[in-house]
Protein chains: 2
Amino acid sequence: MKLTARSEYALLALIYLGRQPADLLVSAETVAIAQGIPPKFLEQIFLSLRRAKYLRSTKGHRGGYQLARRPTEINLAEVVRLFDGALAPTESASRHFYEPTPIEKEEKLLDLFKDIRDWVSARMEATTLADML
Amino acid sequence: MKLTARSEYALLALIYLGRQPADLLVSAETVAIAQGIPPKFLEQIFLSLRRAKYLRSTKGHRGGYQLARRPTEINLAEVVRLFDGALAPTESASRHFYEPTPIEKEEKLLDLFKDIRDWVSARMEATTLADML
DNA sequence: AATAAAACCTACTAAATCGGTAGGTTTTAT
DNA sequence: ATAAAACCTACCGATTTAGTAGGTTTTATT
């Protein structure tokens, strides 16, 4: 139950960009060095973030990245979901294909997990990039 | 961010045992069939649960397992931790050895994660096996 | 005493995931 | 023309995960 390096790095990079002037273009390399992220790995992460419309990019010399949304409009839940999928343990890890998972028959357990998932989602949805700056 | 099959199966098995008369010995095989768990896999899980004092076992013919504690005294947080380790994302997934992890420099992010971890822990610690029956 | 049912224990394995690297191409300001 | 940047895809080694295999020991029952 932890974040992957991908989503952790994504958050760190977004926070860094959030601290820069909104119109400044910053290279992935610069962010990588500033936040201690392996540069080629961050490149991949930025590709995903751009495709998901969190970042805008400008190609070529003097190009770089900038936030595509205001920090108040980027909530952390979405970012983490982009890389790690769902936020809490509702999906079963066990291998059941056509039959219902055994856990699905234990309603109270399922309710607990849903409760946790909902709370974690709500907490992270309520937190925006702006709150991290 | 999901449970492993191990802890999920452990919970399902404990719930099943919790529903049986406290003094009844139930074989791992019986529990496996009832809850849809691969029998040899459950055997391993029961070994851990016994060593961690959640179960008592009786060997030989007509032997089996029974809860070693009352259902009100088994909280779900402990069980999950036994198999999956810590409950929420505070440890960093990225590889940093001597230097502080970059995330540690982002205090607000760290605070958020701690907050989530604490809430999830508290929620699961407050929930006992008895609540599932 | 023989059998069978059960716990006990350890090693293994196939698949998936993860964290990261490699190696290019294309675009564009200088 | 050059260099700096984004873009893109494939790969790779390590670890974790989910489960299997194959025994041994113990004990109630016959």
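Both backbone and side-chain heavy atoms feed into the values below; hydrogens, waters and symmetry mates do not. In what follows, chains are A, B, ... by sequence order, proteins preceding strands, each numbered from 1.
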Under 3.5 Å donor-acceptor pairs involving side-chain atoms of residues 16-23 of chain A, not counting sequence neighbours:
unit_1	atom_1	unit_2	atom_2	d
A:R19	NH1	B:E106	OE2	3.1
A:R19	NH2	B:E106	OE1	2.8
A:Q20	NE2	A:Y16	O	3.2

- Who pairs with A:R56 by salt bridge (Lys or Arg N to Asp or Glu O under 4.0 Å), at least two apart in sequence or on another chain?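 Testing A:R56 for salt bridge (Lys or Arg N to Asp or Glu O under 4.0 Å), a comparison that skips the adjacent residues, returns none.
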- Partner residues of B:R62 under the salt bridge (Lys or Arg N to Asp or Glu O under 4.0 Å) criterion, sequence neighbours left out: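 With sequence neighbours excluded, B:R62 shows a salt bridge (Lys or Arg N to Asp or Glu O under 4.0 Å) to no residue whatsoever.
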Distance, rounded to the nearest Å, where [X] contributes [atom1] and [N] contributes [atom2]:
| X | N | atom1 | atom2 | answer |
| --- | --- | --- | --- | --- |
| A:Q44 | C:dG19 | CD | P | 12 Å |
| B:L42 | D:dA18 | CG | P | 14 Å |
| A:I45 | D:dC8 | CD1 | C1' | 15 Å |
| B:R50 | C:dC8 | CZ | C1' | 7 Å |
| B:L47 | D:dG19 | CG | P | 17 Å |
| A:E8 | C:dC18 | CD | P | 14 Å |
| B:L55 | C:dA6 | CG | P | 16 Å |
| A:Y9 | C:dC18 | OH | P | 14 Å |

- ring-ring contact (aromatic ring centres under 6.0 Å, His included) contacts in which one or both residues fall within residues 18-44 of chain A, not counting sequence neighbours: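 Residue pairs passing ring-ring contact (aromatic ring centres under 6.0 Å, His included), neighbours aside: A:Y9-A:F41.
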- Query: Under 6.0 Å from the CZ atom of B:R70, do we count more than 12 heavy atoms belonging to anything else shown?
  - Reply: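 Not more than 12 within 6.0 Å, no.
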- Heavy atoms under 4.0 Å, any strand shown: does A:R6 hit a base, just sugar-phosphate, or nothing?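 Answer is base: heavy atoms of A:R6 come under 4.0 Å of a base.
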- Task: With heavy atoms under 4.0 Å as the rule, sort A:R56 into base, sugar-phosphate or nothing.
- Result: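 A:R56: no heavy atom of the nucleic acid under 4.0 Å.
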- Query: Closer to the 5' end of DNA chain C via nearest nucleotide, is it B:F46 or A:F41?
  - Reply: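 Of the two residues, B:F46 wins.
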Just list the side-chain donor-acceptor pairs under 3.5 Å for residues 25-34 of chain A, sequence neighbours left out, or say none.
unit_1	atom_1	unit_2	atom_2	d
A:S27	OG	A:T30	N	3.1
A:S27	OG	A:T30	OG1	2.8

- Message: Could you check whether any side-chain heavy atom of A:W119 comes within less than 4.5 Å of a side-chain heavy atom of A:D115, counting everything from C-beta outward?
- Response: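 The answer is no; the side chains never approach within 4.5 Å.
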- Item | Beyond-backbone contact of A:S121 with A:R81, side-chain heavy atoms, under 4.5 angstrom |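 SC-SC contact between A:S121 and A:R81 confirmed.
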- Query: Going by number, which of residues 20-33 of chain B have a non-hydrogen atom under 4.0 Å from DNA chain C?
  - Reply: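 Under 4.0 Å from DNA chain C: B:V26, B:S27, B:A28.
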- Return the set of residues passing side-chain contact (heavy atoms from CB on, under 4.5 Å) with A:D111 (not counting sequence neighbours), or none when no residue passes.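 Expected list: none.
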- Message: Can you list everything that forms a side-chain contact (heavy atoms from CB on, under 4.5 Å) with B:A122? Sequence neighbours excluded, please.
- Response: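 Per chain and number, B:A122 pairs via side-chain contact (heavy atoms from CB on, under 4.5 Å) with no residue.
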Please tabulate, for the side chains in residues 43-53 of chain A, all donor-acceptor contacts under 3.5 angstrom to protein atoms that are two or more places apart in sequence or on a different chain.
unit_1	atom_1	unit_2	atom_2	d
A:Q44	OE1	A:R6	NH2	3.0

- Watson-Crick and G-U pairing of DNA chain C, under 3.5 Å, as dot-bracket with | and [ ]: ||||||||||||||||||||||||||||||
- A:Y65, nearest nucleotide to its side chain (from D:dG19, D:dC8, D:dC7):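 Taking heavy atoms from C-beta onward, the closest nucleotide is D:dC7.
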- Looking at D:dC8, C:dC18, D:dT20, which one has an atom nearest to any side-chain atom of B:P38?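 Out of D:dC8, C:dC18, D:dT20, the nucleotide with an atom closest to B:P38's side chain is D:dT20.
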- Residue list, side-chain hydrogen bond (donor to acceptor under 3.5 Å, both in side chains) with B:Y54, at least two apart or on another chain: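 Residues passing side-chain hydrogen bond (donor to acceptor under 3.5 Å, both in side chains) with B:Y54: B:E78.
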- In the 5'-to-3' direction, what one-character label does each nucleotide of nucleotides 22-30 of chain D receive under the scheme B = base within less than 4.0 Å of a protein heavy atom, S = sugar-phosphate only, - = no such atom? BB--BBB--
